[in-house]
Amino acid sequence: MANFKLLLADLGDRPVAVVGHARPDGDCIGSQVGLARGLRELGHEVICVNLDAVPRRLVFAARGENFIKPDSLDDRDYAVIYVDCADQDRPGKRLRERFPQVLGNIDHHVSNNGYAKHNCVSSGAAATCEILGGLFIDEKMAIDAPTATALYTGIITDTGQFRFSSTSLTTFKISAELMANGADPAEAGYELYEREPAGKMQLLQRFLASFEMHANGRICLGTIEDGVFAATQTSAEDTEGLVDYARAIEGVEIGGLIEERPDGVKASLRSNDPRIRVDRIAAKFNGGGHACAAGLTMSGMAAVVFRHQLITALEQRLAELDAEK
Ligand code: 5GP
Ligand code: MN
């Protein structure tokens, strides 16, 4: 809270760039849109910058906010705020080079190392949008219906619709306040979960059919082989939510999705027990995230090699925890 006040005071009259991570999810887009709108109400000129486009299902939450790609940025001196970024590399190499100095860092990742001048980081928060909602309420900043909708979107997507263990009483209190200001749960639910492209169901079929169990059913890994996106007329953004099916099987403690690419792999890990710390397992492969939800991207590693190393790391972690019990 004190850091947020310092950040606001330090913006000066420079234009503000609100930056989110590559392959943005609901919490990233919601945070960028919500913060940009809130700062504009305070009189600042604000742009949102992201390496990748707003995914189709999140367009409703972006409410016409214009997202600028790194290549289209002018060379003015921006006050730079990163949202939902555990580290300075998450927005991509280009933005790291363009913005070597980060003024504000608003985030909820346990691995966040405080890379900005003003860090508003709370790993207890279920979403960056939850942090922003709380800050807006405390600072008495304007929350109109589009801002409330954007922030609400980040909360429901990062909590798996209020189901994950990160969901707290504060999550509900802030969500109620956002609803009072115009967020519409039915609209958000429809836009996010009931407008899937038909190809996504084919992608889901292929993903479910690929499930492999390890460690006596305690680990479930699903794979999206190279070429499956083209065959199902989907893209990487359609993998959102798939990994949750791997974790949803009774007895499974760690669920994973491995996306094979010509030049490497992208993987998502989910667990139902924060003691497993999947963020630490992801960190062994240059990734990171949260105790129960983490991800990684490896280029230049063959999928078969990665799979073997990942299974070994996961099995070792379960054995370690068994030994502690
Ligand atoms: P997802 O599996 O949905 O892509 O991401 C889950 C969490 O893991 C996100 O909160 C994100 O911060 C983190 N994550 C995903 N991919 C990467 C990655 O390539 N590098 C790092 N450091 N974290 C990632
Ligand atoms: Mn988040």
Side-chain angles (χ1 to χ4, degrees), residues 19-35 50-52 55 57-58 61 82-93 96 105-113 115 120-133 150-160 164 166-167 171 174 192 207 221-222 224 235-247 254-259 261 263-271 274 276-301 306 310:
V19 179
H21 57 78
R23 289 180 65 154
D25 58 7
D27 193 27
C28 176
I29 297 296
S31 297
Q32 289 191 265
V33 172
L35 181 59
N50 203 300
L51 179 67
D52 296 314
R57 68 210 288 265
L58 295 170
Y82 277 20
V83 291
D84 203 40
C85 293
D87 60 63
Q88 236 180 306
D89 291 327
R90 293 284 286 133
K93 197 162 155 255
R96 168 136 210 181
N105 159 22
I106 305 175
D107 184 39
H108 69 130
H109 287 91
V110 61
S111 57
N112 194 297
N113 57 4
Y115 49 80
C120 310
V121 178
S122 166
S123 62
T128 302
C129 282
E130 177 182 311
I131 298 176
L132 283 169
L151 296 178
Y152 183 82
T153 297
I155 294 175
I156 49 174
T157 52
D158 258 29
T159 59
F164 299 157
S166 53
T167 309
T171 312
I174 290 172
L192 289 165
F207 178 64
L221 296 181
I224 297 181
S235 66
E237 73 175 61
D238 295 306
T239 58
E240 183 80 34
L242 292 193
V243 64
D244 296 322
Y245 287 93
R247 177 177 57 178
I254 305 171
L257 177 153
I258 301 174
E259 190 185 310
R261 298 172 171 179
D263 59 335
V265 291
K266 151 97 185 135
S268 294
L269 298 173
R270 299 290 187 270
S271 74
I276 294 175
R277 292 295 305 264
V278 286
D279 59 307
R280 289 193 185 147
I281 298 168
K284 294 184 185 213
F285 303 93
N286 298 327
H290 309 282
C292 289
L296 61 100
T297 314
M298 293 283 281
S299 52
M301 188 183 227
F306 169 74
L310 177 69

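Read the numbers this way: they start at 1 and go in the same order the structure lists the ligands and their atoms. In this text, all values refer to a predicted model and were calculated from it rather than measured experimentally.
Among all non-hydrogen protein atoms, the one lying nearest atom 2 (O) of ligand 1 is Ser268 OG, 2.6 Å. Nearest to atom 21 (C) of ligand 1 among the protein's heavy atoms is Gly288 N, 3.4 Å. Here the heavy atom of the protein found nearest to atom 12 (O) of ligand 1 is His109 NE2, 2.7 Å. In this structure, the protein non-hydrogen atom closest to atom 24 (C) of ligand 1 is Gly295 O, 3.4 Å. Considering only non-hydrogen protein atoms, atom 7 (C) of ligand 1 sits nearest to Ala293 O, 3.6 Å.
Of the inter-residue distances, the one linking Asp279 atom CG with Leu296 atom CG reads 12.0 Å to the nearest 0.5 angstrom. With values rounded to the nearest 0.5 angstrom, Arg23 atom CZ is found 9.5 Å from Glu240 atom CD. Between atom CG of residue Leu192 and atom OG1 of residue Thr153 there is a gap of 5.5 Å, rounded to the nearest 0.5 Å. Rounded to the nearest 0.5 angstrom, Glu259 CD and Leu242 CG are separated by 9.5 Å. For the atom pair SG (Cys129) and CD (Gln32), the distance works out to 10.0 Å, reported to the nearest 0.5 Å. Going from atom OG1 of Thr167 over to atom CD1 of Ile155 covers 10.0 Å, rounded to the nearest 0.5 Å.
Counting only N and O atoms by type, the side chains of Asp158 and His290 include no donor and acceptor under 3.5 Å apart.
A donor-acceptor contact shorter than 3.5 Å is absent between the side chain of Asp107 and the backbone of Thr128. Between the side chain of Arg247 and the backbone N or O of Ser271 there is at least one donor-acceptor pair closer than 3.5 Å.
Taking the ring centre of Tyr115 as origin, the terminal cationic atom of Arg90 falls outside the region bounded by 6.0 Å and 45° from the ring axis.
Checked options Asp84, Asp27, Asp52; the residue passing with His21 is Asp84 (criterion: side chain to side chain donor-acceptor pair (under 3.5 Å)).
Both the backbone and the side chain of Thr297 come within 4.0 Å of ligand 1, counting heavy atoms alone. Contact annotation: for Arg270 versus ligand 1, heavy atoms closer than 4.0 Å belong to the side chain alone. Contacts between Lys266 and ligand 1 below 4.0 angstrom, taking non-hydrogen atoms only, involve the side chain exclusively. At a 4.0 Å heavy-atom cut-off, ligand 1 does not touch His21 at all.
Any N or O atom pair closer than 3.5 Å counts here, and Gly289 shares no such pair with ligand 1. Taking any N or O of Leu269, backbone or side chain, none lies under 3.5 Å from an N or O belonging to ligand 1.
The number of heavy atoms from other shown groups lying within 6.0 Å of CZ (Arg280) does not exceed 12.
At least one heavy atom of Arg90 sits closer than 4.0 Å to an atom of ligand 1. Not a single heavy atom of Glu240 sits closer than 4.0 Å to an atom of ligand 1. Contact analysis puts Gly287 in contact with ligand 1, with a non-hydrogen atom separation below 4.0 angstrom.
If you number the atoms of ligand 1 from 1 as listed, the ones under 4.0 Å from a heavy atom of His290 come out as 10 (O).
Smallest separation of non-hydrogen atoms from Pro274 and Ala291: O-CB, 3.7 Å.
For the Mn ion (ligand 2), protein N/O/S neighbours under 2.8 Å (waters excluded) are Asp27 OD2, Asp84 OD1, His108 NE2, Asp158 OD2.
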